[in-house]
Amino acid sequence: MEKILNYINGELVPPASDMWLDNYNPAEGKVYNLIPDSDEKDIEKAVAAAKKAFPAWSELPTSERSDILLKIAEGIDREFESLAKAESDDNGKPLKLAKAVDIPRASSNIRFFATAILHFDSQAHQTDQQAINYTTRTPLGVVGCISPWNLPLYLFTWKIAPALAAGCTVVAKPSELTPMTAYLFSKICKEAGLPNGVLNVVHGLGGKAGQAIIEHPEVIAISFTGGTTTGKKIAATAAPMFKKLSLELGGKNPNIIFADADFDEAVSTSIHSSFSNQGEICLCGSRILVERSVYDRFVEEFVNRTRKLVVGDPTEEKTRVGALVSEAHMNKVLSYIELAKKEGGKVVTGGERVIVKGRCNAGYFVAPTIILGLDQQCRTNQEEIFGPVVTIMPFDKEEEVIEFANGTAYGLSATIWTENLKRAHRVAHQLKCGIVWVNCWLLRDLRTPFGGMKQSGVGREGGWEALRFFTEQKNICIKL
Ligand code: TXE
């Protein structure tokens, strides 16, 4: 069986312990390769390599760093087919989606930061006639990047691209559930001539390899995307060490539909924002809040459209909903559906595991599920399920829907559907979340800050924010 290898100091190497973990293809429910069960020894080697590589990489002219990163982006484009297949095989998502979103966006992430760094500048302030201050920004050093399984290569590159562009060297750990694209990416980096030790990719478990990155004293900043519970643990370890932290955590995002919305667009985009990537996107709108006068019409149309979504083999063109990432995650999602029923919810479509005939008959598929009749306070409407499960609730007034929308511990994103411009601005300003989409969803401009409020995280990624995160500021004051 194929063995995925770590990428340390420019070499593809097995873990020090020679221990391996099973990597499942969730659409087949079968192990299809092995990944390193790395531990602190591997992290130690990776940090030492990153430390050694830092002076030369950080002092390389920006244009040369940029050129190498652009070569890596070209490598992603060249390996497009194999990366898309690996992304789908590891995660269970439709191959079509990996081709349309994950891989092109991974390449865009690298290109964006490779070119953004060429325009990154610092500031100067004249203090009356007394002094001139100028502020420098220098790369931090060795940083840790830990990414999740839902958009594997996309989120992996979203972290490492700004770190490398800024001149940091990186120890990265992709999710143990979806390691394959990061492994292929290591090979692309080698081919592109990335100097040894600049990027080190160590595979393994979160509590072991991941925790060793967080605890390592030479790793001075952590960029993490994953669950809120993991984020808390990471913050608890890193905060007393005064590490710089960027945490992108979960969401329980409201999708607000006012009666004056463009109905057809609201319905079709809500299908995407509810069930794309099996609902395993932190930005999915899992709570649909609909103004009462259009509630019945919306529910009818939305349920009909949802029933037509094809759940099936991720490699088939017609498939819209693939497998969930793991058996454990499928069971978690199914247990939330049971909880919703206990809480008085009515499952109007879906609600169960789907057995797909043929190659995928042992896969972890769950039917797109719509639940009605729950109140705002229940656990189903408070906790992140991270699967193809949405609730729909009616509302009467603008103030009420703002209260509903803000009424969870999360604050990542929200969508507002209305043709009333003033209301769009008014409501958007009152929502306690980091990203608000008006009459659209997941439209991304990489220059904009990305991140959440409350338990959805701390810090902002994207654009200059990411480059600032990976640099240290110093102000120099000169008396005139
Ligand atoms: O993610 P984890 P899990 C949410 C979603 C999901 C839940 C749990 O609700 O059901 O989180 O998913 C690494 N030190 N999201 O458990 O554990 C881990 O190896 C250092 C939302 O799979 O947070 C992986 O690389 N690292 C989310 C990464 O953290 C640790 C996407 C994420 O895994 C670690 C994924 C530790 N102690 C899940 N423990 C989003 N916001 O997009 C784990 N890891």
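Just follow the structure's listing: the first ligand is 1, and inside any ligand the first atom is 1.
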Hey, is the main chain of Gly350 close enough, under 3.5 Å, to the side chain of Arg307 for a donor-acceptor pair?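 Looks like no, no N/O pair under 3.5 Å.
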Within-cut-off N or O pair, Leu249 and ligand 1, under 3.5 Å: yes
Please list, in number order, the atoms of ligand 1 under 4.0 Å from a heavy atom of [X].
X      : value
Cys282 : 40 (C), 41 (N), 42 (O)
Pro174 : 25 (O)
Ile214 : 14 (N), 20 (C)
Lys173 : 18 (C), 19 (O), 25 (O)
His329 : 10 (O)

Taking the six-membered ring of Phe469 as reference, does the NZ or CZ atom of Lys244 fall below 6.0 Å from its centre and within a 45° cone about the axis? yes
Residue and atom name of the nearest protein heavy atom (relative to [atom]), distance in Å to one decimal:
atom                    : value
atom 4 (C) of ligand 1  : Glu384 OE1, 3.3 Å
atom 37 (N) of ligand 1 : Gln211 OE1, 2.8 Å
atom 11 (O) of ligand 1 : Gly227 CA, 3.0 Å
atom 3 (P) of ligand 1  : Trp149 NE1, 3.6 Å
atom 6 (C) of ligand 1  : Lys332 NZ, 3.7 Å
atom 2 (P) of ligand 1  : Thr230 OG1, 3.4 Å
atom 20 (C) of ligand 1 : Gly210 C, 3.3 Å
atom 44 (N) of ligand 1 : Gly206 CA, 3.3 Å

Just wondering, are more than 12 heavy atoms of other shown residues or ligands nearer than 6.0 Å to CZ in Arg444?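 Count over threshold, so yes.
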Counting neighbours of NZ on Lys208 that are heavy atoms of other residues, nucleotides or ligands and sit closer than 6.0 Å, is the number greater than 12?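 Yes, because the 6.0 Å sphere around NZ of Lys208 holds more than 12 heavy atoms from other groups.
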Checking side-chain polar atoms at under 3.5 Å, does Asp90 have a donor or acceptor matched by the opposite partner on Tyr32? yes
Tell me whether [X] is salt-bridged to [Y], with the criterion being a basic N under 4.0 Å from an acidic carboxylate O.
X      : Y      : result
Lys252 : Glu384 : no
Glu28  : Arg359 : yes
Lys41  : Glu44  : no
Lys159 : Glu461 : yes
Asp77  : Arg111 : yes

A student comparing Ser147, Ser326, Pro148 should find that the heavy atom closest to atom 25 (O) of ligand 1 comes from Ser147
Per atom 18 (C) of ligand 1, closest listed option by heavy atom (Lys252, Lys208, Glu280, Glu176):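 Result: the heavy atom closest to atom 18 (C) of ligand 1 is in Glu176.
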Taking atom 41 (N) of ligand 1 as the reference point, report whether a protein heavy atom occurs under 4.0 Å from it. yes
Please indicate, with yes or no, if any protein heavy atom is found under 4.0 Å from atom 8 (C) of ligand 1? no
Check the orientation of Phe302 and Phe298. Use parallel for under 30°, tilted for 30 to 60°, and perpendicular for over 60°. parallel
